[in-house]
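First up is the structure itself, then whatever we jot down about it.
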Amino acid sequence: MRIKQSLSDQISKCIAENYDVPVQEFEFQATRKEFRGDLTVVLFPLLKKLRTNPKDLGLIIGDHLKKNTDLVEDFAIIQGFLNLIFSNDHFLDHLNEIRKDEKYGFSKTKHPKEVIVEFSSPNTNKPLHLGHIRNNLLGFSVSRILEANGHSVVKTQIINDRGIHICKSMVAWQKYSDGETPESSGLKGDNLVGKYYVKFDEMYRAEVQNLKEKGHSEKEAAREAPILKEAQEMLKKWEDGDEAVMSLWNKMNNWVYAGFRATYQDLGVHFDKNYFESETYLVGRSFVKKGLKEGYFFEKEDGSVWVDLSDEGLDEKLLLRADGTAVYITQDIGTAIERVKDYNIDKMVYTVGNEQDYHFKVLFIILKKLGFDWADQLYHLSYGMVNLPEGKMKSREGKVVDADDLMKEMTNTAQEIGEELGKLEGYDEVQKLKLFREIGLAALKYFILKVEPTKNIIFNPKESVDFQGNTGPFIQYTYARIQSILRKTTFNIDEKVSDHQLNTKERELMKSMMEFPETVQQAGEQQNPALIANFSYELVKKFNSFYQEHPILGDNDHTTKVFRVQLAKSVGQTIENAFYLLGINVPERM
RNA sequence: AGCUCCGUAGUUCAAUGGAUAGAACAAAAGUUUCCUAAACUUUAGAUCCAGGUUCGAUCCCUGGCGGAGCUACCA
């Protein structure tokens, strides 16, 4: 980063000396591996402006850099590309900086922001599934990436603990459970409540079918099914504070929270602050009413409240139902307002699937209409769906990949592979299990995070997630090998190396490692963990290739040994830091 | 129907508008008396179609085609 900046300055100066037209910005790219060089200046964009040809321009710039910097030792011009060759000392100096920096890649910013990152935000009527896993991993990783860029982050979620969905589980539990509890059934709380959500849907569909057979239209049947009516009445009672309903609601939600806690812990994510829809929807409702009074919204004959967004090219949107109960967006209005009250924030990131793109567009406009200037600082981190080969996951129909089950499976696979390889001599069962969990989870997390957030993922449960190649375990493995080398090192490695001539693989590895700070910055700007994942993989591939070809502790020359151990250690540190940003642990052995 | 996102090897993913489109898995071949073979080294294989902008397009624009999502008094 700093290298490109100082090169830019020098080239700028050079052009000012030789041409009439000033230029400040230049295009750099890593030199392709088939050519000699470390960094390439793309000359094409400059040719027209300066009315010259690549050869002349390249020579002028190349000569200038060679004379005026310690960095550039030589250069070559191929077509419109000026390939710069860096001095050996430059790499030695850089390694000396990196190896002392445990936080290598992380930086401060001149403009630190206070950011709220929302992710997870589950409904309390069913257990978490693979879709939630993607959400959690993205949100958690983006939080860490923002922190690594010098911002301060509050990790939060809005727990959707009220609404028609939970009433559905409650009604079904009341009617069909015989008082079943997590204790009596041995079921995890969220699974138990989810079971009755599925049960509700089953009964509902049967009733709709029944009504249709009695001659009702499809639409009518869907609206008039008695069990749905019951759920709606329960929601109304809930909003009125009915004691029996509240007590059932509390009981069932607590079952679910216990379940969620376990899942979050297994997944390795946590939050700084939870918001509950049951507490924020009232705030939302009062602001909707305020907006109504002030004329931003309007009321229909049946008493429902709407906002007209046709000026923005959108539709009318419901904000309060005719019976006065709140809808999803009502609470989101309240939650946002509460958060701004609680924290002095510059920015808020909502990690929510792209199926809600429209919802957030509307939400941000509404907040703006209500007169909140901070509405401009809200950002929807939209990501693609995780689908099954046969289509969308559907909790109601039981067509889901359960989060707990999946993590368990990943651990089991890691265990099978690990036991077969049998390299864990001296580890007891507890240590082994911890390691297998780390590896299984790494496979899963990396599998999800390496994909560009905007893209949909098709997850085929029959094809297991890989543990070889471009995977989390592969990168962990490289880290573990490096730790093994460090354990076997018997000499002092803090000695400063100043006379080692780097070979090709060592140079490649250094170049790769030096890209890390810029990658972290980009990942922060784009809120994209996939960049970190891809970086990690490139780095690790280069390390393995180097390690295969060159001995580290086995070399005859002392200085070379010291240099290579330092290099390996720094690569290990970089892997650890990169994986920290992805929320993945790195093991000492595997 | 309208709006949004996505189309790259058989599969899963890469590629700030730049050089011969990179990897992994699967397939084929090789590497272990040596610091961990979950590794390394080879081989074969892809930009949905048609235009446009540009010195240069996987990337930007227009129009198709294909997939997903949204347009709910669901969340």
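Chain naming here is simple, since letters A, B, ... match the order of the sequence lines and numbering starts at 1 in each.
Between A/Lys48 and A/Tyr477, the residue whose closest nucleotide on RNA chain B is further toward the 5' end is A/Tyr477. Residue order along RNA chain B, read from the 5' end via each residue's closest nucleotide, puts A/Thr40 first among A/Thr40 and A/Met385.
Not less than 6.0 angstrom separates the ring centroid of A/Tyr446 from the ring centroid of A/Tyr537. Aromatic pair A/Phe364/A/His380: centroids not less than 6.0 angstrom apart.
A/Phe467 comes within 4.0 angstrom of a base, heavy atoms only. Counting non-hydrogen atoms under 4.0 angstrom, A/His550 reaches a base of the nucleic acid. Within the nucleic acid shown, A/Phe28 comes within 4.0 Å of at least one base atom, counting heavy atoms only. A/Asp555 comes within contact range of no nucleotide atom at all, as no heavy-atom separation falls under 4.0 Å. Counting any heavy atom pair closer than 4.0 Å across all strands shown, A/Leu421 reaches a base atom. In this structure, A/Glu452 reaches the sugar-phosphate backbone alone: every heavy-atom distance under 4.0 Å involves primed, P, OP1 or OP2 atoms, never a base. Within 4.0 Å (heavy atoms only), A/Gln232 reaches no atom of the nucleic acid at all. In this structure, A/Ile329 reaches neither bases nor backbone, as no heavy-atom distance under 4.0 Å exists between it and the strands shown. A/Phe474 comes within contact range of the sugar-phosphate backbone alone, with a heavy-atom separation under 4.0 Å but no base atom that close. Within the 4.0 angstrom heavy-atom criterion, no nucleotide atom of any strand lies near A/Ala530. Within the nucleic acid shown, A/Gln29 comes within 4.0 Å of at least one base atom, counting heavy atoms only. Heavy atoms of A/Gln79 sit nowhere under 4.0 angstrom from any nucleic acid atom. Here A/Thr454 lies in heavy-atom contact (under 4.0 Å) with sugar-phosphate atoms only. Note on A/Val451: only backbone sugar-phosphate atoms sit closer than 4.0 angstrom, heavy atoms only; bases stay farther off.
Among B/G18, B/U11, B/A24, the nucleotide with an atom closest to any side-chain atom of A/Asn470 is B/A24. For A/Pro551, the side-chain atoms get nearest to B/C35 when compared with the rest of B/A19, B/C13, B/C35. Listed candidates were B/A38, B/A19, B/U36. Nearest to the side chain of A/Ala480 is B/U36. The A/Asn534 side chain lies nearest to B/A14 when the options are B/A14, B/U31, B/U36. Here B/A23 is the nucleotide among B/A38, B/A23, B/C55 with the atom lying nearest to any side-chain atom of A/Lys33. Side-chain atoms of A/Asp315 lie closest to B/U71 of the nucleotides B/U71, B/G22, B/A75. Of the listed nucleotides (B/C40, B/A19, B/U11), B/A19 has the atom at the smallest distance from the side chain of A/Asn83. Checking B/U36, B/A75, B/C25 against every side-chain atom of A/Gln468, the shortest atom distance belongs to B/C25. When distances are taken from the side chain of A/Ile78 to each of B/A19, B/A39, B/A75, the shortest belongs to B/A19. In this structure, the nucleotide among B/A38, B/C55, B/C70 sitting nearest to the side chain of A/Tyr358 is B/C70.
Side chain of A/Arg589 to backbone of A/Lys423: a donor-acceptor contact under 3.5 angstrom is found.
Ring pair A/Tyr350/A/Phe360 is tilted by interplanar angle, where 30° to 60° counts as tilted. Ring geometry, A/Trp238 versus A/Tyr281: the interplanar angle falls from 30° to 60°, so the pair is classed tilted.
For the 3.5 Å distance criterion, the side chains of A/Glu118 and A/Ser121 qualify, holding a donor opposite an acceptor.
Here A/Arg487 does not reach the OP1 or OP2 of B/C35: none of its side-chain N or O atoms lies under 4.0 Å away. At B/A75, none of the side-chain N or O atoms of A/Lys126 fall inside 4.0 Å of OP1 or OP2 (strictly under the cut-off). Residue A/Arg36 places none of its side-chain N or O atoms closer than 4.0 Å to OP1 or OP2 of B/A19. Within the structure, every side-chain polar atom (N or O) of A/Arg223 is placed at least 4.0 Å from both OP1 and OP2 of B/A72. Within the 4.0 Å cut-off from OP1 or OP2 of B/U36, at least one side-chain nitrogen or oxygen of A/Ser484 is found. For the OP1/OP2 pair of B/A39 and a distance below 4.0 Å, the side-chain nitrogens and oxygens of A/Lys423 include no atom meeting the criterion.
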Using a 3.5 Å limit on both pairing distances, list the dot-bracket string of RNA chain B from the 5' end; Watson-Crick and G-U wobble pairs count, crossing pairs take [ ], interstrand pairs take |. (((((((..((((....[...)))).(((((.......)))))....(((((..]....))))))))))))....
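In this structure, A/Lys168 forms no cation-pi arrangement with A/Tyr197, as its terminal cationic atom is not both closer than 6.0 Å to the ring centre and no more than 45° off the ring axis.
One cannot find a donor-acceptor pair under 3.5 Å joining the base of B/A38 and the side-chain atoms of A/Thr471.
Rounding to the nearest 0.5 Å gives a distance of 4.0 Å between CG of A/Asp38 and NZ of A/Lys511. In this structure, the separation between NZ on A/Lys317 and NE2 on A/His359 is 7.0 Å, given to the nearest 0.5 Å.
For the pair A/Lys229 NZ and B/C74 P, the computed distance is 11 Å after rounding to whole Å. Look at CG on A/Asp466: it is 18 Å from P on B/A23, rounded to the nearest Å. We find that CG of A/Leu82 is positioned 14 Å from C1' of B/G18, with the value rounded to whole Å. Atom NZ of A/Lys455 is separated from atom P of B/U4 by 19 Å (rounded to the nearest Å). Atom CG of A/Asn387 and atom P of B/U11 are 17 Å apart (whole Å). Taking atom CZ of A/Phe459 as the reference point, atom C1' of B/U12 lies 12 Å away to the nearest angstrom. In this structure, A/Lys541 atom NZ and B/C40 atom C1' are separated by 9 Å, rounded to whole Å. Rounding to whole angstrom units, CD of residue A/Glu312 and P of B/G2 are separated by 22 Å.
The P atoms of B/U32 and B/A46 are separated by 33 Å, rounded to the nearest whole Å.
In summary, of the residues considered (A/Ile333, A/Thr330, A/Thr335), a side chain to side chain contact (heavy atoms under 4.5 Å, CB included) with A/Thr280 occurs for A/Thr335 alone.
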Start with the C-alpha gap between A/Asp201 and A/Arg205, add the side-chain angles, then the distance that decides, and say whether salt bridge (charged side-chain N to carboxylate O under 4.0 Å, His left out) holds. CA-CA 6 Å; A/Asp201 195 59; A/Arg205 276 187 298 182; 3.3 Å; yes
